[in-house]
Amino acid sequence: MTVRSQLLKGFLDGCVLAVIEKQTVYGYELSRKLQESGLPDVPEGTIYPVLLRLQKQGWIVSEMRPSESGPNRKYYSITPQGGQALALIRNEWALLSVPLERLLKEEPS
């Protein structure tokens, strides 16, 4: 496992919730939106366990909807609890990102 994938693992729930907060999406569409956001190395196989975990936590819900091209798709939307969790994640990110940037920023010796 690369350093990038290890770091991303810790932030993936928040990233998934942030995408779903903007619009209801199905799994493949979610994967595509993450890639478009600059996270090309999030495989689809990683997304579905995250979705299942978020659903078990009550942070998202799913519903089957007809697809224009093939079988029905499972669409995911955020719950009020998921919105609260995302707000906490955003708050923690705000608290952590500044000192992490300061600590990890490469400075000349």
Asks: Apply side-chain contact (heavy atoms from CB on, under 4.5 Å) to residues L30 and Y76 and explain how you reach the verdict.
Replies: CA-CA 9 Å; L30 173 63; Y76 299 91; 5.9 Å; no
Asks: Would you mind reporting whether E29 and R73 have side-chain heavy atoms less than 4.5 Å apart?
Replies: no
Asks: Taking all non-hydrogen atoms of both residues into account, name the closest pair between A18 and R90 and its distance.
Replies: CB-NH2, 4.1 Å
Asks: Can you confirm whether E63 sits close enough to T24 that some side-chain heavy atom of one is under 4.5 Å from a side-chain heavy atom of the other?
Replies: no
Asks: So if you build clusters from Ile, Leu, Val, Met, Phe, Trp, Tyr with side-chain heavy-atom gaps below 4.5 Å, do I20 and V61 land together?
Replies: no
Asks: Do I60 and V16 have side chains that approach each other closer than 4.5 Å (heavy atoms only, starting at C-beta)?
Replies: no
Asks: Any side-chain heavy-atom pair from N72 and S67 closer than 4.5 angstrom?
Replies: no
Asks: Between the side chain of S97 and the main-chain N/O of W93, is any donor-acceptor distance below 3.5 Å?
Replies: yes
Asks: Do you know which two heavy atoms are closest between G27 and L51, and how far apart they sit?
Replies: CA-CD1, 4.3 Å
Asks: Looking at CG of L54 and CG of L86, how far apart are the two atoms once the value is rounded to the nearest 0.5 Å?
Replies: 10.5 Å
Asks: Honestly curious: do V19 and I89 fall in one hydrophobic cluster under the side-chain, below-4.5 Å linking rule?
Replies: yes
Asks: Are Y48 and W59 joined in one hydrophobic group, where the rule is that I, L, V, M, F, W and Y side chains link up if heavy atoms are under 4.5 Å apart?
Replies: yes
Asks: Rounded at 0.5 Å granularity, tell me how far CZ in R32 sits from CD1 in I47.
Replies: 12.5 Å
Asks: Can you name the side-chain contact (heavy atoms from CB on, under 4.5 Å) partners of Q84, sequence neighbours left out?
Replies: none
Asks: Quick one: name the residues clustered hydrophobically with Y28, using the 4.5 Å side-chain heavy-atom rule over I, L, V, M, F, W, Y, and just say none if it's on its own.
Replies: Y26, Y75
Asks: Measure the spacing between CG of L17 and CG of L12 and express it to the nearest 0.5 Å.
Replies: 9.5 Å
Asks: CG/L96 to CG/N91 distance, rounded to the nearest 0.5 angstrom?
Replies: 9.5 Å
Asks: Are K33 and K22 packed together at the side-chain level, in the sense that at least one heavy-atom pair is separated by less than 4.5 angstrom?
Replies: no
Asks: What are the two closest heavy atoms between V42 and Q35, and how far apart are they?
Replies: O-NE2, 4.2 Å
